[in-house]
Undergrad: 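Handing you a structure now.
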Amino acid sequence: MAKPAKNLVTRTEGWPWSCSRVWTTIVFLCLLADKSCCSLQDVRSVKKTGNSLNFLVVGDWGRKGLYNQSEVATQMGRIGEELDIDFVISTGDNFYENGLTGTDDPSFEESFSRIYTAKSLQTPWYSVLGNHDYRGDALAQLGPSLRSKDQRWQCQRSFILKYTLCPHGLQSGEGTADLFFVDTTPFVDHYWKPSKNAYDWRGVLPREKYLHQQLQDLSVALEASTATWKIVIGHHTIRSVGSHGDTEELFPQLLPIIEAYGVDLYVNGHDHCLEHISSSNSPLQFLTSGAGSKAWRGMKEGAKMEGLQFFHNGQGFMSLQIQATLLHAVFYDIQGNTVHELNLMKESLSVS
């Protein structure tokens, strides 16, 4: 296995953006339970002029504008314009309480298209499924029908975004960022137990084969990646002090893989808060952005506080700005105020 890169602690002043072009390769990994290996679909290369790779992250949002979803959306639009974002990431639980009933469910427009109307948010939305999405017609979110209604919508179970950062207009890259999206809901045991909630497991059965394939595909992809920055995105927490707390099933299955291959960030939703936790075993940073609407659930009683850098018990979202050797993460509250920042370098790390 590849050894994870080391990040040392330092403090950076300012943010010296110099990247002028970004080449983007987007690779979607479609993990189908009835196939022995994943199939590649929708492979694209896009040339984009800009100083850096900028995007927003929001999760747990789809409530038809209620619970301050609209207010968060307004601030996302403002920050998105300031940063000239390239896309938005949704960490799941896209539609409450029970996902979508189908492709004609009006909740898609009522919770998405009519809410995130700012010009800056008319970019691709790369989304994963959360546990609430699995309570409805999960395939409706994954298929092409919703994209025909709103071309921004890009939702798959598991996929990869690959970016080559080319500063000063150079055609060759001086840094790379790989984003790995994983489907975490099927890992959680209690969703499989009899309850009042029904889950749409089409495309996931048999469960053990699906989970094994997903972990194998992720291991292969991470081992093959030579990216400067490696970011894994999933719905469920690995580490969290929020009301849901740690997701125990991910500790023995997902965490060893992402630590072994030098992943820099694990980004998730699920807990309705904003938080930053540093791993005690590796340079890995756990970032939660699950405060897109209903929040104020507080901390879990008896939560493990080790490595906690920041916790915000309220609505908000996050931005990431990536340059060849620099990564800047910012957490914003419902007024769009900066409440926490994280600066990473390949040779240094700063927390403020």
Side-chain angles (χ1 to χ4, degrees), residues 1-5 7 22-46 53 55 57 86-87 89-92 124 126-129 142 154-165 173 175-187 203-204 207-236 238 247 249-269 279 282-287 320 322 324 327 344 346:
M1 290 185 175
K3 295 182 179 180
N7 289 325
V22 179
W23 284 84
T24 308
T25 300
I26 303 176
V27 182
F28 287 94
L29 299 182
C30 184
L31 303 179
L32 303 178
D34 60 347
K35 294 189 178 182
S36 60
C37 62
C38 63
S39 61
L40 295 176
Q41 64 178 18
D42 199 6
V43 180
R44 293 175 287 170
S45 294
V46 181
L53 178 65
F55 56 94
V57 183
D86 300 296
F87 54 87
I89 286 176
S90 170
T91 56
Y126 297 111
S127 306
V128 293
L129 297 174
L142 302 175
Q154 304 285 337
C155 184
Q156 297 291 333
R157 296 190 196 274
S158 300
F159 57 99
I160 301 173
L161 305 181
K162 287 179 170 287
Y163 294 88
T164 299
L165 310 176
T176 51
D178 287 358
L179 282 62
F180 305 83
F181 294 73
V182 296
D183 184 19
T184 60
T185 299
F187 285 91
V204 175
R207 181 193 182 196
E208 292 306 317
K209 183 177 180 180
Y210 178 83
L211 297 182
H212 173 77
Q213 187 68 62
Q214 185 172 192
L215 292 173
Q216 178 178 298
D217 292 337
L218 180 63
S219 295
V220 170
L222 283 172
E223 184 174 25
S225 173
T226 58
T228 311
W229 300 102
K230 298 179 184 181
I231 302 172
V232 174
I233 299 103
H235 175 64
H236 288 79
I238 295 181
T247 303
E249 293 88 345
L250 297 183
F251 268 81
Q253 299 185 79
L254 182 58
L255 182 58
I257 295 173
I258 64 178
E259 285 190 325
Y261 292 113
V263 170
D264 299 287
L265 304 178
Y266 177 75
V267 180
N268 62 270
S279 171
S282 72
L284 178 64
Q285 307 296 311
F286 302 96
L287 306 182
L320 282 169
I322 301 177
L327 182 150
L344 289 176
K346 283 292 98 175

Undergrad: Taking the side chain from H235 and the backbone from T91, do they hold a donor-acceptor pair closer than 3.5 Å?
TA: yes

Undergrad: Output the distance between atom CG (L250) and atom CD1 (I257), rounded to the nearest 0.5 Å.
TA: 10.5 Å

Undergrad: Go through V263 and I231 one step at a time and tell me if the side-chain contact (heavy atoms from CB on, under 4.5 Å) criterion holds.
TA: CA-CA 6 Å; V263 170; I231 302 172; 5.8 Å; no

Undergrad: Please report the shortest heavy-atom distance between V182 and S158, naming the atom on each side.
TA: CA-OG, 3.8 Å

Undergrad: Check whether any side-chain heavy atom of F187 sits under 4.5 Å from a side-chain heavy atom of L254, and report yes or no.
TA: no

Undergrad: Would you say T228's side chain and A177's backbone share a donor-acceptor pair under 3.5 angstrom?
TA: no

Undergrad: Roughly how far, to the nearest 0.5 Å, is CG of L142 from CG of L129?
TA: 5.0 Å

Undergrad: If you round to the nearest 0.5 Å, how far is CD of Q156 from CG of D183?
TA: 11.0 Å

Undergrad: Any heavy-atom pair between the side chains of L284 and L255 that's under 4.5 Å?
TA: yes

Undergrad: Contact between L211 and V204 at the side-chain level, heavy atoms closer than 4.5 Å - yes or no?
TA: no

Undergrad: Under the ring pair (Phe, Tyr, Trp, His ring centres under 6.0 Å) test, which residues partner F87, sequence neighbours left out?
TA: F55, Y126, Y163

Undergrad: Given side chains that start at C-beta, do those of L344 and W229 come closer than 4.5 Å, heavy atoms only?
TA: yes

Undergrad: Between Q285 and Y266, does a side-chain contact (heavy atoms from CB on, under 4.5 Å) hold up when you go through it step by step?
TA: CA-CA 6 Å; Q285 307 296 311; Y266 177 75; over 6 Å; no

Undergrad: Between K230 and D264, does any NZ, NE, NH1 or NH2 come within less than 4.0 Å of an OD or OE carboxylate oxygen?
TA: no

Undergrad: How long is the straight-line distance from NE2 of H212 back to CG of D217, given to the nearest 0.5 Å?
TA: 9.0 Å

Undergrad: Run the numbers on L327 and L265 for side-chain contact (heavy atoms from CB on, under 4.5 Å), then give the verdict.
TA: CA-CA 10 Å; L327 182 150; L265 304 178; 3.9 Å; yes

Undergrad: I need the D178 CG to T164 OG1 distance, nearest 0.5 Å.
TA: 8.0 Å

Undergrad: Is there a side-chain contact between Y210 and L215 (heavy atoms, below 4.5 Å)?
TA: no

Undergrad: Determine yes or no for a side-chain-to-main-chain donor-acceptor pair under 3.5 angstrom, with R157 supplying the side chain and V128 the backbone.
TA: no

Undergrad: Apply side-chain contact (heavy atoms from CB on, under 4.5 Å) to L179 and V267, showing your working.
TA: CA-CA 10 Å; L179 282 62; V267 180; over 6 Å; no

Undergrad: Would you say the side-chain atoms of E259 and S279 include a donor-acceptor pair closer than 3.5 Å?
TA: yes

Undergrad: When rounded to the nearest 0.5 angstrom, what distance separates CD1 in I258 from CD1 in I238?
TA: 4.0 Å

Undergrad: Output all residues satisfying ring pair (Phe, Tyr, Trp, His ring centres under 6.0 Å) with F181, sequence neighbours left out; order by chain, then residue number.
TA: F159

Undergrad: Verify side-chain hydrogen bond (donor to acceptor under 3.5 Å, both in side chains) between T247 and H236, making sure each step is shown before the conclusion.
TA: CA-CA 7 Å; T247 303; H236 288 79; 5.7 Å; no

